[in-house]
Number of protein chains: 2
Amino acid sequence: MAEARNVDTRERILDAAERLFMAHGYEGTSMRQITGEASVNLAAVNYHFGSKESLMQEVFRRRLDWLNEERMRVLDAYEKEAGGIALKPSQIVDGFFGTLLRMADDETHGGMTFLRLLGRTLTEPSEFIRTFLAHEYKPVMERYKEALFRALPEVPKAEIVWRFHFMLGATSYAIAGTDALRLVTDWQIEEEDSTDRLDRLVPRLMSFLLGGLRAPLPQYDPSAVNPK
Amino acid sequence: MAEARNVDTRERILDAAERLFMAHGYEGTSMRQITGEASVNLAAVNYHFGSKESLMQEVFRRRLDWLNEERMRVLDAYEKEAGGIALKPSQIVDGFFGTLLRMADDETHGGMTFLRLLGRTLTEPSEFIRTFLAHEYKPVMERYKEALFRALPEVPKAEIVWRFHFMLGATSYAIAGTDALRLVTDWQIEEEDSTDRLDRLVPRLMSFLLGGLRAPLPQYDPSAVNPK
DNA sequence: CTATGATTCAAACGAACGTATGAATCATAG
DNA sequence: CTATGATTCATACGTTCGTTTGAATCATAG
């Protein structure tokens, strides 16, 4: 019997899909664009992946499996180092968001392209993507939430969950929006070049996230008003 | 001559489009879905708006014009109140993000539906949406950035721009993701009901944003490492 | 009432979509 | 070599897409 699992075609399709989904979204990208950019036959996608939806899932699985395992490894290392006592919030934030951001420099794991795709997809509407990501993220999410609960025992759990969510949003935008940033600024500000900008993004975002995570708790005031 | 500008059909189309774009995204929503939900003829969209793209822009213009004027008014009021001296960061954040969040309770200006649409669209890939939003937001963005520069003279401007961007992301997610939040938690946490949840969201997010905005400045360390 | 222009309507357009098919081509095992 | 199964290929299928058309209907001005 003959067999081979041509991995080259598969990878070329995944790379092209990753880039195009990032640039134009899932619904905005056609199979013909993907196979065109990958220089493979139109039918290759359905042969190797079965459908466009399955292709999308595989694009994510290829990167997320590694990312989430890495996040587990980082937390393992921190916890071993701490030996029983609760971790510092900064360590947990680094394990989750730092690990993510460090992917940007790692072209073998998708680099900036995948990060921007991920950032955009977290707000994507399609049902099957949401359920897929929720399933894919569940274990690592559970673990990090627990770590935060232990690290911040005086903060109500609901508050921590919300702040985790806010941190996700800030990070997602920071990544997705190297373009979207043009909405905030026209970058006429004298500024470092783009590679340097990425290096500085990580500590900048980390400071912001930790500042938000450790902010004073809100006092619930049902009668908040704005002036005039 | 006869004339009328049937405003009822227009509004019904805009309402349906707003809800469907929010639920399924721009590319994921068809004209037939929109006209079906609005109970108008398929050709009505092209008659009243010219094209799907123009419809999308009108969906946003209808809400953003009011929102951004309101943001200007709030800042005017705060600055008049302050009489010359720089505003407090909390006032600026309230003017920009608080005004936005207060739209959620205001059904006459789109309410939660538009907010979620806006949150999702800020990461949308389509070129024409990005350029449209950038143009629509430019004046108010410029004004608020200047206010922040004056309020935080000791913080480098580039740093403020980044943190503005982070705040946008956190807010966008907080809004867009009443669903996406299920990714972080399964909400088995004993928690307030959903209307109450919205009331509490505003102070929660405000605390987070201000904590992030006023966080200690990052020290740039090119050799940051994670353990193992 | 009649005329006019605004609006609605059913129907159709060509293009692009995701997917399926069956033959051609390829690599390898025997 | 030949045989076999994996892979590629050109082509087509049936749908759905955004948009257009021209006639029908409506409201109002004169």
Side-chain angles (χ1 to χ4, degrees), chain A residues 1-60 117 121 124-129 131-132, chain B residues 1-60 117 121 124-129 131-132:
Chain A
M1 16 179 147
E3 57 185 64
R5 291 264 115 204
N6 189 332
V7 79
D8 186 53
T9 302
R10 274 181 61 97
E11 293 294 306
R12 285 229 306 288
I13 291 173
L14 287 171
D15 289 343
E18 185 172 75
R19 209 194 64 76
L20 287 167
F21 286 150
M22 178 272 286
H24 308 116
Y26 175 74
E27 310 267 12
T29 302
S30 73
M31 307 279 274
R32 285 165 178 82
Q33 285 177 270
I34 295 169
T35 53
E37 175 145 330
S39 299
V40 301
N41 188 271
L42 171 60
V45 170
N46 287 285
Y47 175 78
H48 284 282
F49 299 95
S51 69
K52 190 184 177 186
E53 287 200 3
S54 300
L55 170 61
M56 180 66 155
Q57 292 181 4
E58 196 54 38
V59 166
F60 276 96
L117 171 62
T121 308
E124 273 265 332
S126 300
E127 184 58 37
F128 85 94
I129 301 180
T131 55
F132 170 76
Chain B
M1 7 160 161
E3 57 183 61
R5 290 264 114 205
N6 190 333
V7 79
D8 185 54
T9 301
R10 273 181 61 97
E11 293 294 305
R12 285 230 304 290
I13 291 172
L14 287 171
D15 289 344
E18 185 172 75
R19 208 195 64 76
L20 287 166
F21 285 151
M22 178 272 285
H24 308 116
Y26 175 75
E27 310 267 12
T29 302
S30 73
M31 307 280 276
R32 285 165 179 83
Q33 285 176 268
I34 295 169
T35 54
E37 175 146 329
S39 300
V40 301
N41 188 272
L42 170 61
V45 170
N46 287 282
Y47 176 77
H48 285 282
F49 299 97
S51 69
K52 189 184 179 186
E53 287 200 3
S54 301
L55 169 61
M56 179 68 155
Q57 292 181 2
E58 196 54 38
V59 166
F60 276 97
L117 171 62
T121 308
E124 273 266 331
S126 300
E127 183 59 36
F128 86 93
I129 301 179
T131 56
F132 171 76

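Reckoned from all heavy atoms, side chains included, excluding hydrogens, waters and symmetry mates. Throughout, protein chains are lettered first and strands after them, A, B, ... in sequence-line order, and every chain is numbered starting at 1.
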Within this structure, what is the [atom1]-to-[atom2] distance between [X] and [N], rounded to whole angstrom?
X     : N      : atom1 : atom2 : value
A/M31 : C/dA20 : CE    : P     : 9 Å
B/I13 : D/dT19 : CD1   : P     : 13 Å
A/L42 : C/dT19 : CG    : P     : 10 Å
A/L20 : C/dG18 : CG    : P     : 12 Å
A/Y47 : D/dT7  : OH    : P     : 4 Å
A/N41 : C/dG22 : CG    : P     : 16 Å
B/Y26 : D/dC17 : OH    : C1'   : 12 Å
A/E27 : D/dC17 : CD    : C1'   : 12 Å

Consider the side chain of [X], meaning its heavy atoms from C-beta on, and name the nucleotide among [options] that approaches it most closely.
X     : options                : value
A/A43 : C/dT21, D/dT19, C/dT19 : C/dT21
A/H48 : D/dT19, D/dT8, C/dA10  : D/dT8
A/R32 : C/dT21, D/dA12, D/dG18 : D/dA12

Now, which nucleotide makes the Watson-Crick or G-U wobble pair with [N], with each of the two distances under 3.5 Å?
N      : answer
D/dG30 : C/dC1
D/dA23 : C/dT8
D/dG14 : C/dC17

From [X] atom [atom1] to [Y] atom [atom2], the distance as rounded to the nearest 0.5 Å:
X     : Y     : atom1 : atom2 : answer
A/H48 : A/E11 : NE2   : CD    : 11.0 Å
A/L55 : A/M31 : CG    : CE    : 7.0 Å
B/T29 : A/E27 : OG1   : CD    : 8.5 Å

Touch class at under 4.0 angstrom, heavy-atom based, for A/T29 against every strand present:
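A/T29: backbone/sugar contact only, no base atoms under 4.0 Å.
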Phosphate contact (C/dT8 OP1 or OP2) by B/T9 side-chain N/O below 4.0 Å:
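For B/T9, the contact criterion (side-chain N or O under 4.0 Å from OP1 or OP2 of C/dT8) is met.
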Any A/S30 side-chain N or O less than 4.0 Å from OP1/OP2 of C/dA16
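Indeed not, no polar side-chain atom of A/S30 lies that close.
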Check this for me: does any side-chain nitrogen of one of A/R12 and A/D8 sit under 4.0 Å from a carboxylate oxygen of the other?
yes
Candidate pair B/F132 and B/M56, rule side chain to side chain contact (heavy atoms under 4.5 Å, CB included), full reasoning
CA-CA 10 Å; B/F132 171 76; B/M56 179 68 155; over 6 Å; no
